[in-house]
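The structure appears below as structure tokens.
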Amino acid sequence: MTHPIRPLQPGATLGVMGGGQLGRMFVHAAQAMGYRTAVLDPDPASPAGLVSHLHIQADYLDPAGLQQLAEAAEAITTEFENVPAQALRTLAERRPVAPAGDAVAICQDRAAEKAHFGASGVPCAPHAVIETAEQLAAVSPELLPGILKTARMGYDGKGQVRVATPAELAAAWAELKQVPCVLEKRLALQRELSVIVARGADGQIVHFPVQQNLHRDGILAVTQVPAPEVDAALAAQAVERAGLIAAEMGYVGVLCVEFFVVDDGQGGSALVANEMAPRPHNSGHYTIDACDVSQFELQVRCMAGLPLVMPRLHSPTVMLNLLGDLWFADGQERTPPWDRVLDLPGVHLHLYGKTSARPGRKMGHLTVTAATPEAATATALQVCALLGLPAF
Ligand code: ATP
Ligand code: MG
């Protein structure tokens, strides 16, 4: 990968592959710092395309679209991991691209991702790769009950089937059209964490505090920072491991690593890496309102070759995801009662400009900041009550 020899100064154009909410918040951060932006996304109503200086409406592998992006943007990043790695490699022939296509390719494939965790010296869940009928037949009973996950293209719990017996496993693989999969042992989770690091081309790494995450139906629902139930030693280990994973692939950019906390068999806790994302992450959205530097600003700094600084959490915070379900009540479509929610102290509303609400679709998020973790939680619980969200 090539890198800018000198930093790209504000006024330059920064490009992003993908126009979802992560791209939108990247565009907001880049523009706040005085950059121009270019978004490549085929959707004419993409959340990032709507706010960018330039929106190239093209498929991710369309040569003309990629050429236009490489001409317009002096450095390029990505906002989702399923952008074809080949598109990033093509762009890298002309412009600095961070993260690199090779790193994104690892994150796109659960089997490659788990192999990379191993190579980094980081434990992950016991698992088996299933690409053939022979591999299916050879699965160790130790891995059951387990979760069969498609190796590629999964998100928000999609492409996953829970299985308890070899017969269920075989049926699940057939249901998933026998695409390459990973069977993971189902672990008893004490809780879930994530760590976001940013790594520069010179190898410098900075990180955000450890996030404690609650998922519902395989979708992130709540993030709390500081993590209420994580001691300092475990948090330090999570940060160290995320750094090892980034360094092992020579990563440049913002990387999120999700961890499970499980029993260590001796009455304590152990960390298991779940998966990683080669970009800012939903569990880091709180950084916009609760940190002095956001994950999106660090994405800008990484790709522009600007200095990285260690971010500081200035307010304890709770982030609530706002799914499309909130736009429906009693079988009727509605606007959630934002006026009442915004009457509470320290509430920051972020909506992504998506035109239609669907159950399970990420429409926005809301961050509560307060002077103490207890106050942030208390306000967030009031928000939950107003919106009809379950308490956490
Ligand atoms: P996303 O990319 O949106 O984070 P995903 O579809 O890639 O999600 P995973 O992170 O693999 O999915 O799993 C989603 C959630 O399902 C996890 O956060 C966890 O709550 C649960 N889960 C996944 N794997 C396991 C496991 N091996 N044992 C127990 N729970 C699991
Ligand atoms: Mg996940």
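When a ligand or atom number is given, it counts from 1 through the structure's own listing order.
Around atom 7 (O) of ligand 1, the closest heavy atom drawn from Lys158, Arg110, Lys149 belongs to Arg110. The closest non-hydrogen atom to atom 28 (N) of ligand 1, taken over Val262, Val182, Leu187, comes from Leu187. Comparing Glu184, Glu258, Glu81, Arg162 by heavy-atom distance to atom 21 (C) of ligand 1, the nearest is Arg162. When the heavy atoms of His215, Arg186, Glu192 are ranked by distance to atom 19 (C) of ligand 1, first place goes to Glu192.
Taking only nitrogen or oxygen atoms, main chain and side chain alike, Gln160 reaches within less than 3.5 Å of ligand 1. For ligand 1, the polar-atom distance check against Glu275 finds a nitrogen or oxygen pair separated by under 3.5 Å.
No hydrogens or angles considered: nothing links the side chains of Thr369 and Asp289 as a donor-acceptor pair under 3.5 Å.
Residue contacts with ligand 1, taken as heavy atom pairs separated by less than 4.0 Å, do not involve Asn213 at all. Contacts between Asn274 and ligand 1 below 4.0 angstrom, taking non-hydrogen atoms only, involve the side chain exclusively.
Using a cut-off of 4.0 Å between Lys/Arg side-chain N and Asp/Glu carboxylate O, Lys185 and Glu142 are scored as not salt-bridged.
Think of Val254 as one node in a network of Ile, Leu, Val, Met, Phe, Trp and Tyr side chains linked at under 4.5 Å; its network also takes in Ile196, Val206, Phe208, Leu220, Val225, Tyr286, Val293, Leu298, Leu308, Val309, Met310, Leu313, Met319.
The side chain to side chain donor-acceptor pair (under 3.5 Å) analysis of residues 377-392, with sequence neighbours excluded, yields no pairs.
Ring planes of Tyr352 and His285: perpendicular class, angle over 60° (limits at 30 and 60°).
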| request: Assess whether side-chain hydrogen bond (donor to acceptor under 3.5 Å, both in side chains) is satisfied between Glu258 and His281, documenting all intermediate values. | output: CA-CA 10 Å; Glu258 296 179 22; His281 192 259; 3.1 Å; yes

